A.B. asks: 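If you scroll down you'll find the structure; I have some questions about it.
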2 protein chains.
Amino acid sequence: MSKLNIQKAALSHFARSGYEGASLSQIADEVGIKKPSIYAHYKGKDDLFLHVVRDVFHTVQRRILEYFQARNGEPVEDILNGLFGWIRQEYEQDDAAKCLLRMVYFPPDKLYQEIADIANPFIDGMQRKLISYLRQSHQVGTFLCTDYEEAAVAYITLVDGAIIELIYGGPERYGKRVQAAWLIYWRGVTSQTGRDLTS
Amino acid sequence: MSKLNIQKAALSHFARSGYEGASLSQIADEVGIKKPSIYAHYKGKDDLFLHVVRDVFHTVQRRILEYFQARNGEPVEDILNGLFGWIRQEYEQDDAAKCLLRMVYFPPDKLYQEIADIANPFIDGMQRKLISYLRQSHQVGTFLCTDYEEAAVAYITLVDGAIIELIYGGPERYGKRVQAAWLIYWRGVTSQTGRDLTS
DNA sequence: GTCTATAGTTGGATAGAC
DNA sequence: GTCTATCCAACTATAGAC
């Protein structure tokens, strides 16, 4: 019972302050217990941290797949474009996404390898899922581009760049960035290839 | 003399470990002095940190402008696309870019406002410069898209998304991502607008 | 499982000799 | 300017009573 509360409080602190910035005292305070009680559930700070990180990656992965399943059958354009709005909601609602990003981009020195072993399969899996999704959509005629991997990689780049603005600039700037980037991306993906309009 | 060495060592540590993760002892060790000697040059950790951050932003800004000036006159496509290669070199060479990103995306709690006051003018300035550059290029016929702000914002999104992969995935994955994202971006920017190719 | 008490370490910061 | 010595606060972690 307390174990789950500890993990939730820890997530919030790790997401906001990072591994080094978070302290077990503050986490215990938020749960309403004393610091040594944490050691009845976790071996130490590292153990608690890695439990949180693993849970965060599993949660985010599950939620993304749920999004795609929930909107299955809709046009690819709506689903891919709609994901940006979904991301904003997720990011504002809980700390899992923020924590995940922080761990992926700036993991604590001493746990770099452990986190990489968690993050790499997550990222590769997401990219594979997206490519196979685009290929499947192309077969049913809802997606024009034929180079799925290129379209998928470019899309993920868009998502990453947008999230960066969500973290730093906030929801409003995020919205403007998404609008501009998506419009050009979709135009680039749906235009006929082989044309060379460069001056 | 020592002041500059301290700042260089501090930059390296802040870039790798962040504000909380870096310690004055380690910084002093790298310089070859004792910890209290730092206080002869800086008021404390915060003071040293903010000096490093300010220097990092000024340096990066200056170097970006130098890049655009050095390639002035070349086609927009080459300059914008070439910036990705330039970024990779910069990022590998020194820690300034990495430190800058870390501070923008995950600033330390207690110095959030101070860092925002440094980062916001930098980002806004870069965006304004890019927009005016695209407008100027359009007048000389080297750039097709007429919505400069849209093209600029989308381009910056691309850069951010690519840098994320540079931090995490390394140069090889960065290269693949840039290739895919740039191709689609440039196609989207140079295609005629108004066409609706969505299924 | 949770507590009090405390060990042991490290952090930032200061005083004062040289 | 740099050092030694030191202070104080905060941290992780453990021992042992209940």
Side-chain angles (χ1 to χ4, degrees), chain A residues 1-56 95 99 102-103 106-115, chain B residues 1-56 95 99 102-103 106-115:
Chain A
M1 188 56 64
S2 255
K3 187 162 187 171
L4 196 67
N5 290 335
I6 293 172
Q7 192 155 329
K8 279 172 65 178
L11 166 61
S12 149
H13 280 83
F14 286 134
R16 183 151 30 89
S17 310
Y19 173 79
E20 293 92 352
S23 86
L24 296 183
S25 313
Q26 292 172 356
I27 294 172
D29 279 353
E30 189 169 316
V31 178
I33 59 177
K34 296 300 176 184
K35 186 171 52 171
S37 305
I38 295 179
Y39 289 84
H41 303 275
Y42 299 94
K43 291 179 200 163
K45 190 180 187 181
D46 292 5
D47 186 41
L48 170 59
F49 180 74
L50 287 174
H51 271 86
V52 167
V53 170
R54 270 189 283 266
D55 181 69
V56 156
D95 297 315
C99 186
R102 186 167 201 143
M103 293 315 116
F106 302 108
D109 310 12
K110 60 183 288 197
L111 300 176
Y112 179 83
Q113 193 53 53
E114 284 91 335
I115 293 179
Chain B
M1 188 56 64
S2 257
K3 186 161 186 171
L4 196 67
N5 290 335
I6 293 172
Q7 192 156 331
K8 279 172 65 178
L11 167 61
S12 150
H13 279 82
F14 285 135
R16 182 151 31 87
S17 310
Y19 173 80
E20 291 92 353
S23 85
L24 297 183
S25 312
Q26 292 172 356
I27 294 172
D29 278 354
E30 189 168 316
V31 179
I33 59 176
K34 297 299 177 185
K35 185 170 57 169
S37 305
I38 296 180
Y39 289 85
H41 303 276
Y42 299 95
K43 292 179 200 164
K45 191 180 187 181
D46 291 6
D47 186 41
L48 169 59
F49 179 75
L50 287 174
H51 270 87
V52 168
V53 170
R54 269 188 283 266
D55 182 68
V56 156
D95 298 315
C99 185
R102 185 165 201 147
M103 292 315 117
F106 301 108
D109 309 12
K110 60 183 287 198
L111 299 176
Y112 179 82
Q113 193 54 53
E114 283 92 335
I115 294 179

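All of these numbers come straight from a predicted model, not from anything done at the bench. Sequence lines set the chain letters: A, B, ... in the order given, protein chains first and strands last, and positions in each chain run from 1.
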A.B. asks: I'd like to know if B/Lys110 and B/Asp46 make a salt bridge, using a cut-off of under 4.0 Å between side-chain N and carboxylate O.
C.D. replies: yes

A.B. asks: For B/Ser25 and C/dG11, is the shortest distance between a side-chain N/O and OP1 or OP2 below 4.0 Å?
C.D. replies: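 The answer is yes; a side-chain N or O of B/Ser25 sits under 4.0 Å from OP1 or OP2.
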
A.B. asks: Please determine if a side-chain N or O atom of B/Ser23 lies less than 4.0 Å away from the OP1 or OP2 oxygen of C/dT10.
C.D. replies: no

A.B. asks: Whole-Å distance between C/dT10 C1' and A/Lys45 NZ?
C.D. replies: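 After rounding, the reported distance stands at 12 Å.
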
A.B. asks: Consider only side-chain N and O atoms of A/Asp47 and A/His51, and report whether a donor and an acceptor are under 3.5 Å apart.
C.D. replies: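 Present: a donor and an acceptor within the cut-off.
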
A.B. asks: Side chain of A/Tyr39 only, heavy atoms from C-beta on: which candidate in D/dA13, D/dC11, C/dG12 is closest?
C.D. replies: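 From the listed options, D/dA13 comes nearest.
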
A.B. asks: Tell me whether the NZ or CZ atom of B/Lys3 lies within the 45° cone about the ring axis of B/Tyr42 and under 6.0 Å from its centre.
C.D. replies: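 Checked: cation-pi criterion met.
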
A.B. asks: What distance separates B/Leu48 CG from B/Lys43 NZ, expressed to the nearest 0.5 Å?
C.D. replies: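 Between atom CG of B/Leu48 and atom NZ of B/Lys43 there are 12.5 Å.
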
A.B. asks: For B/Ser2 and D/dG1, is the shortest distance between a side-chain N/O and OP1 or OP2 below 4.0 Å?
C.D. replies: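 Result: no.
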
A.B. asks: In terms of relative ring orientation, are A/Phe49 and A/Tyr19 parallel, tilted or perpendicular, with 30° and 60° separating the classes?
C.D. replies: perpendicular

A.B. asks: Identify whether any heavy atom of A/Ala22 sits under 4.0 Å from a base atom; if not, whether one sits that close to sugar-phosphate; answer base, sugar-phosphate or nothing.
C.D. replies: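 Sugar-phosphate contact only - A/Ala22 comes under 4.0 Å of backbone atoms but never of a base.
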
A.B. asks: Nearest whole angstrom, please: distance from the P of C/dA13 to the CZ of B/Phe49.
C.D. replies: 13 Å

A.B. asks: Round to a whole Å and report the spacing from CD1 of B/Ile38 to P of C/dA13.
C.D. replies: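 These atoms are roughly 10 Å apart.
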
A.B. asks: Among D/dA13, C/dT2, C/dA13, which nucleotide has an atom closest to any side-chain atom of A/Leu24?
C.D. replies: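 Selected nucleotide (nearest to the side chain): D/dA13.
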
A.B. asks: If we ignore hydrogens and angles and just use 3.5 Å, is the side chain of A/Arg102 paired with the main-chain N or O of A/Arg16 as donor and acceptor?
C.D. replies: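 Yes, because the side chain of A/Arg102 sits within donor-acceptor range (under 3.5 Å) of the backbone of A/Arg16.
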
A.B. asks: Atom pairs under 3.5 Å, N or O on each side, protein against nucleotides 3-5 of chain D: can you list them with distances?
C.D. replies:
unit_1, atom_1, unit_2, atom_2, d
D/dC3, OP2, B/Lys34, N, 2.7
D/dC3, OP2, B/Ser37, OG, 2.6

